[in-house]
2 protein chains.
Amino acid sequence: MKLNDRKLKILQAIIHSYITSAEPVGSRAISKKYELGVSPATIRNEMADLEELGFLTQPYTSAGRIPSDKAYRLYVNGLLQRERKIMKEKEGMKKLLAQEIGEIEKLLQNSAKILSKITNYTSLAIAPQVKESKLKHIQLVPVDETKILVVIVTESGLVKNAILRVDNNLTTNHLNRISNFLNSKLKGHNIANLRNEIEDNLIKEMYKFKNTIDSIIPLVNQTLDSHKGDSLYSEGVTNIFDFPEYSDIEKAKAFLSFIENRDSVLDMLINTGFNDIEIRIGEENNYEEIKDCSLITATYRFNGKTIGKIGVIGPTRMEYSKVISVVRSLALVLSEIADGDKYKIYLK
Amino acid sequence: MKLNDRKLKILQAIIHSYITSAEPVGSRAISKKYELGVSPATIRNEMADLEELGFLTQPYTSAGRIPSDKAYRLYVNGLLQRERKIMKEKEGMKKLLAQEIGEIEKLLQNSAKILSKITNYTSLAIAPQVKESKLKHIQLVPVDETKILVVIVTESGLVKNAILRVDNNLTTNHLNRISNFLNSKLKGHNIANLRNEIEDNLIKEMYKFKNTIDSIIPLVNQTLDSHKGDSLYSEGVTNIFDFPEYSDIEKAKAFLSFIENRDSVLDMLINTGFNDIEIRIGEENNYEEIKDCSLITATYRFNGKTIGKIGVIGPTRMEYSKVISVVRSLALVLSEIADGDKYKIYLK
DNA sequence: ATTAGCACTCTATCTTAATGAGTGCTAACA
DNA sequence: TGTTAGCACTCATTAAGATAGAGTGCTAAT
């Protein structure tokens, strides 16, 4: 059986109707609302075919039809093929974000807020994974007699702090010398490899501060690990209550619990591919808890290099068209801001 | 009418029963489960009195009784009066927290996790309000030609970063000189007053760097403001689903939306008093959305000075006895950790 | 002052019936 | 051969009615 033009149109109509109403769609409703020029009976026949082809399902014998994941997939692929117009929203987003001073974390949190506000779904955002970043600057700062603060700035714009306890009292001068030294040796290196770097080069040259330097690297690694969970931002989780598919409290709970568990969400986001835009529909998701959700993520880049992701999660009945364009636009804006040239935008 | 001993016992029994079952309590059930040595009929009479006194309510004419806020208040005051034994849990908590390296933010997040895990309610924690802290150290760190990083360490243990854009290229040396200068002038001063301090003293002395210094203070203030929302941590928000009073989806939504709105929660926590332990029962809360919740908060201190709060929020039918002792213990542990002497605990 | 007994109240639950949206099939039609 | 009108049939949802049961308040006896 072939998926001819009329079937496609009918399927599209059903998807559209279901996305807006969340109710199973009947043949009469379709023939009324969408001008297809055929009678409900004809539509019924086509619908039976579409069901056989796996694009529609029926919750029970004589109810209307509901689009399957396969149908959404078809629909979405169609959307993707069409050249997406650059959103007008983009400028607005930039303005909203431009007000923000500070670091990338703040920027992402605001992005998430904007995303959930515009889409009315739940939004997610992850910061660059610090372990995959290159070191831009490292600085030791005295705090008091027994503590020094290690500040790490990555090329991706992250700033991380770690507190280090030391036995011997190091003067500001000492710390500056060590900082300078570490910088000259480590700048531009991948943070995940710090340990190796250090062992080969440093210890002999800075014999005097061997102990201090020795303890910095493990601490830094440890800190970066413990900060992993911080890099996730979500907003609008309670938007889920606006969708009738979550009026079942058990379902709402399952969804919210999933989102509340930062680790699994972080995993999920990292493990979806890093294409420009990634879409997981229903069963395409690897996590049991969200098999009836769709996830749309986009990657933002810096110097052409992937550094993080933003996304939206909601029921499979999602306003794909809108969400795809919003997520994509915002990711572009973020990339532009993250990239050096436009950095000014959000610093002034 | 007097609240004699028997009435008190019966009230206590009703509260206890309702806390565990969430079902209106009948006279027969009380007489069976609790050994009061009187018949259901007697209990009925007493219950009628207790209702008249405002300690009990009836959802409808012939249902069992439910404790009122007033009843919980009485019950809780009784709990508070009794000298609370130092919890055994305290040691366990310390161990859990001791694994943590890093700064106070991380510590609080973990405290919130522990709190919600132990109590099965929703937990809240706020970090010290940076504006009320005194400056311990300020350091300017070069990032690249056009950006410097301002690192602020407060006496309460907070570390905050702000990125500052500069036009003139300042060398590490310059920055160190400025840092030293700022430190010598500002250390120990209240952060909220930074601006005044600076204008009186600094500018003439460091004429050369006037521009840089001029721009630092507003930026710092701005950053501290924008970080305000970061200082709230909540965990276990989905625990609310375990309580039958929130099986109504609208109620669950209202609660979760309230918690999701960081600003209002932050306000709420700041505006409850700063006694050792604060308890708001039902209508005692100033926020409409949580008029059927109870909030239990405790203050943790540093050098005897109030710096932050942790707390638990849940239905008025709360396990007050347990929660009070857990929250109080954890606050004590936090105070001990925050205080210098014991700082080692969580750094090693 | 306490308690047993009993009529009464009101919710929750179960049953049954009615409603109606939507289908699938058949037969007629262009 | 594709399209459509008509109609019987299915099944969830809703409403109405009936029943059960928990719990009370009152009265009268102890």
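Every chain is numbered from 1 and lettered A, B, ... according to where its sequence line falls, protein lines coming before strand lines. Values below: every heavy atom of this structure, side chains too, minus hydrogens, waters and symmetry copies.
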Between P59(B) and E46(B), whichever has its closest DNA chain C nucleotide further toward 5' is E46(B)
Only one of F243(B), Y246(B), F255(B), F241(B) passes ring-ring contact (aromatic ring centres under 6.0 Å, His included) with Y121(B), and that residue is F243(B)
What residues, two or more places apart in sequence or in another chain, satisfy side chain to side chain contact (heavy atoms under 4.5 Å, CB included) together with E235(B)? R262(A), Q109(B), A112(B), K113(B), S116(B), S123(B)
With S17(A) as partner, the option from K33(A), E23(A), Q12(A) fulfilling side-chain contact (heavy atoms from CB on, under 4.5 Å) is K33(A)
Can you check the K7(B) NZ to dT2(C) C1' distance for me, whole Å? 13 Å
Residue pair E278(A) / T272(A), side-chain donor-acceptor N/O under 3.5 Å: no
To the nearest Å, how far apart are I43(B) CD1 and dA4(C) C1'? 14 Å
Phosphate-side-chain proximity, T42(B) and dT3(C), N/O vs OP1/OP2 below 4.0 Å: yes
Indicate whether any N or O donor in one side chain lies under 3.5 Å from an N or O acceptor in the other, for H16(B) and Y75(B). no
Would you mind building the protein contact string for nucleotides 19-30 of chain C? One character per nucleotide, 5' to 3', B for base within reach (heavy atoms under 4.0 Å), S for sugar-phosphate only, - for untouched. --BBBB------
Is there a donor-acceptor pair closer than 3.5 Å between any side-chain N or O of N285(B) and the backbone N or O of C293(B)? yes
